[in-house]
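What follows is one structure encoded as structure tokens, with my remarks underneath.
Chain letters run A, B, ... following the sequence lines, proteins first and then strands; every chain starts at 1.
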There are 2 protein chains.
Amino acid sequence: MNSAIRALIIRLETIGEVTEIDKVALAALPVQERFYTRGSEIIPDGEISTSCCLILEGYAYRSKTLPDGNRQIFSLHTSGDIPDLHSLYLPKMDHTLGAISDCIVARIPHDAVKDALMRAPSLIGLLWRDTLIDAAAFRAWMLMLGQADAASRMAHLFCELYIRQSMAGLADGNSFALPLTQTDLSDILGTSVVHTNRTLQDLRRRGLLDFDQQVVTILAWEELRALAQFDPSYLHYLDRRVGRVDPAKL
Amino acid sequence: MNSAIRALIIRLETIGEVTEIDKVALAALPVQERFYTRGSEIIPDGEISTSCCLILEGYAYRSKTLPDGNRQIFSLHTSGDIPDLHSLYLPKMDHTLGAISDCIVARIPHDAVKDALMRAPSLIGLLWRDTLIDAAAFRAWMLMLGQADAASRMAHLFCELYIRQSMAGLADGNSFALPLTQTDLSDILGTSVVHTNRTLQDLRRRGLLDFDQQVVTILAWEELRALAQFDPSYLHYLDRRVGRVDPAKL
DNA sequence: CGTTCAATTGACTATCGTCAACTGGCGTGG
DNA sequence: CCACGCCAGTTGACGATAGTCAATTGAACG
């Protein structure tokens with residue numbers, strides 16, 4: 001089986017039951033792997049998309065830029081994610097999908113995905129659910145953007161990324177790779193680069209985490225979680241482990 | 001046909017093609033109308049939902065409250081909307097659905113909706129699309145929360161509501177009903193009540209709009225749109241009129 | 001006529017943005 | 001090899017935006 005599809009199945013298994021029929025249908029999907037360099041656009045805002053992008057390697061992001069030039073990053077995506085699954089039924093992009101780091105992306109034509117949905121109808125609920133969890137993550141981030149200060153927002157972001165990377169098997173103990181510049185980070189948090197830098201220093205000084213050389217290390221999970229008021233239930237993992245124990249021990 | 005279902009069909013027709021088969025399946029949906037008083041919760045955060053709520057009359061909202069008590073309102077909903085359609089494949093609520101004003105809500109069991117999807121498969125794409133547009137609106141609001149100041153955010157909110165109410169046939173010329181207190185408004189904008197009040201006065205003084213006695217009146221659409229940097233494409237209406245002309249002339 | 005709640009105001013403070021400068025690493029080309 | 005530029009990260013000073021606290025007004029309601 002194609003390794004991109006394997007990553008997708010691993011992801012789907014964390015949010016729902018994947019039957020053998022589903023797996024067969026997914027395995028039959030035609031994928032075309034493409035390479036995108038750091039900073040490049042995978043699907044630009046406004047484009048009418050005819051395929052979905054399954055991330056195989058690297059970090060992708062979704063963002064939109066206002067006419068005045070301000071940019072907000074909506075989400076980050078890694079191996080097994082289909083950040084533009086929505087394009088299946090909303091083909092006109094209202095934002096940009098881009099590559100934060102160098103990425104390998106498996107592109108799957110919409111027609112092929114819709115074929116798979118016909119052959120394995122239980123995939124409908126599963127993929128639909130995936131787009132709904134995507135929306136749930138937006139709500140969680142709206143809540144932080146509207147109601148929390150910069151330090152809490154940053155803490156929340158690192159909490160979410162840590163849980164997601166752990167669940168995807170991409171965390172190494174209490175560390176994970178995060179190929180972001182502080183400028184990127186500021187476009188996620190909605191704060192200026194200067195303030196982002198000072199907030200990060202604050203979290204470091206308080207011994208909550210470190211973020212250096214593209215690697216995040218969680219140093220005090222409980223304190224970080226408390227500062228972030230983080231509750232992972234919006235990620236809607238089936239797994240009962242999530243949020244019950246220190247993820248460092250997952 | 002039930003009037004709630006009629007409102008739903010009108011809404012769906014603005015975002016996609018609704019076939020006769022779809023309409024028959026929708027018309028057969030069993031609905032139980034319920035009344036909710038202003039301020040009451042329709043579906044509380046954390047509940048496992050077994051039905052969808054189709055708004056027939058009044059304004060509903062979705063929100064989440066942080067442990068520290070801060071509340072963010074994510075969206076507002078009127079006649080024809082199913083604000084918790086996501087519960088179909090994500091039954092555990094990660095936020096609250098509540099009534100901003102007195103509301104009449106038609107509740108439809110999940111099983112009945114899933115039955116309708118079996119009988120009219122083209123409904124799948126249509127309803128899925130509706131949940132995707134819901135997510136697109138979240139992205140648009142995240143962009144404003146992260147990147148725009150209070151005046152722009154307020155202008156954007158009024159622009160969106162005006163377009164949506166116009167498309168739903170609920171606007172009267174350049175006015176529409178909005179049964180919000182300034183406290184509610186502040187929970188949408190992510191600003192304090194005091195600042196919300198001052199921002200509103202600012203927009204009034206600049207002659208852009210008025211908001212008094214639960215009625216919003218747009219006084220200078222183009223200026224308002226420019227201040228908000230508003231682009232309605234994220235609402236994904238099929239209708240070519242949207243955004244092309246002054247909505248006051250729709 | 002008192003209570004309640006929404007709207008409003010003033011004074012003060014805190015958070016965060018802007019501007020500008022400086023550092024250090026890293027790769028490129030003379 | 002080293003000078004140079006570039007970019008990410010960092011710092012200080014200052015200003016703008018927005019929050020908090022407290023008090024007042026006015027309408028609605030029993």
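- The phosphate of C:dA7 (OP1 or OP2) has no side-chain N or O of B:N197 nearer than 4.0 angstrom.
- Between the side chains of A:S75 and A:R62, a donor-acceptor pair is found at a separation under 3.5 Å.
- Rounded to whole Å, atom C1' of D:dA18 lies 13 Å from atom NE2 of A:H195.
- Put simply, CG on B:L203 is 15 Å from P on C:dA7, counting in whole angstrom units.
- Among the protein residues, B:V194 comes within range of the nucleic acid bases, having at least one heavy atom under 4.0 Å from a base atom.
- Atom C1' of nucleotide C:dA7 and atom CD of B:Q214 are separated by 12 Å, given to the nearest angstrom.
- In this structure, A:Q201 reaches the D:dT11 phosphate: one of its side-chain N or O atoms is under 4.0 Å from OP1 or OP2.
- Look at CZ on A:F211: it is 10 Å from P on D:dT10, rounded to the nearest Å.
- Under 4.0 angstrom from either OP1 or OP2 of C:dC5 there lies no side-chain N or O belonging to B:R38.
- The distance from atom CG of B:D149 to atom C1' of D:dA18 is 10 Å, rounded to the nearest whole Å.
- Of the side-chain N and O atoms in B:R198, none sit less than 4.0 angstrom from OP1 or OP2 of D:dT20.
- Electrostatic pairing of A:D210 and A:R204 counts as a salt bridge here, judged by a charged N lying under 4.0 Å from a carboxylate O.
- In this structure, A:D202 places its CG atom 13 Å from P of D:dT11, rounding to the nearest Å.
- B:S192 comes within contact range of at least one nucleobase, with a heavy-atom separation under 4.0 Å.
- The side chain of B:Q182 places no N or O atom within less than 4.0 Å of a non-bridging phosphate oxygen (OP1 or OP2) of C:dC5.
- Note on A:R153: nothing from the nucleic acid sits closer than 4.0 angstrom, heavy atoms only.
- Atom CG in A:L145 sits roughly 18 Å away from atom P in C:dT15 (whole-Å rounding).
- Each of B:T183 and A:T196 was assigned the nucleotide of DNA chain C with the nearest heavy atom; the assignment lying further toward the 5' end belongs to B:T183.
- Under the side-chain hydrogen bond (donor to acceptor under 3.5 Å, both in side chains) rule, B:Q182 has a single partner from B:D187, B:T199, B:N197, which is B:N197.
- Contact of the A:D184 side chain with the A:T181 side chain is registered, since non-hydrogen atoms from C-beta on lie closer than 4.5 Å.
- Per the geometry, CG belonging to A:N70 stands 10 Å off P belonging to C:dG17, to the nearest Å.
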Exercise answer: donor-acceptor pairs, residues 137-161 of chain A side-chain atoms, under 3.5 Å, sequence neighbours excluded:
residue: A:R139; atom: NE; partner: B:D94; partner atom: OD1; Å: 3.3
residue: A:R139; atom: NE; partner: B:H95; partner atom: ND1; Å: 3.3
residue: A:R139; atom: NH2; partner: B:D94; partner atom: OD1; Å: 3.2
residue: A:R139; atom: NH2; partner: B:D94; partner atom: OD2; Å: 3.2
residue: A:W141; atom: NE1; partner: A:I188; partner atom: O; Å: 3.1
residue: A:Q147; atom: NE2; partner: B:R71; partner atom: O; Å: 2.9
residue: A:Q147; atom: NE2; partner: B:Q72; partner atom: OE1; Å: 2.9
residue: A:D149; atom: OD1; partner: A:A151; partner atom: N; Å: 3.4
residue: A:D149; atom: OD1; partner: A:S152; partner atom: N; Å: 3.1
residue: A:D149; atom: OD1; partner: A:S152; partner atom: OG; Å: 3.3
residue: A:S152; atom: OG; partner: A:L227; partner atom: O; Å: 3.0
residue: A:R153; atom: NE; partner: A:L189; partner atom: O; Å: 2.8
residue: A:R153; atom: NH1; partner: A:A148; partner atom: O; Å: 2.7
residue: A:R153; atom: NH2; partner: A:L189; partner atom: O; Å: 3.0
residue: A:E160; atom: OE1; partner: A:Y234; partner atom: OH; Å: 2.6
residue: A:E160; atom: OE2; partner: A:R164; partner atom: NH1; Å: 2.9

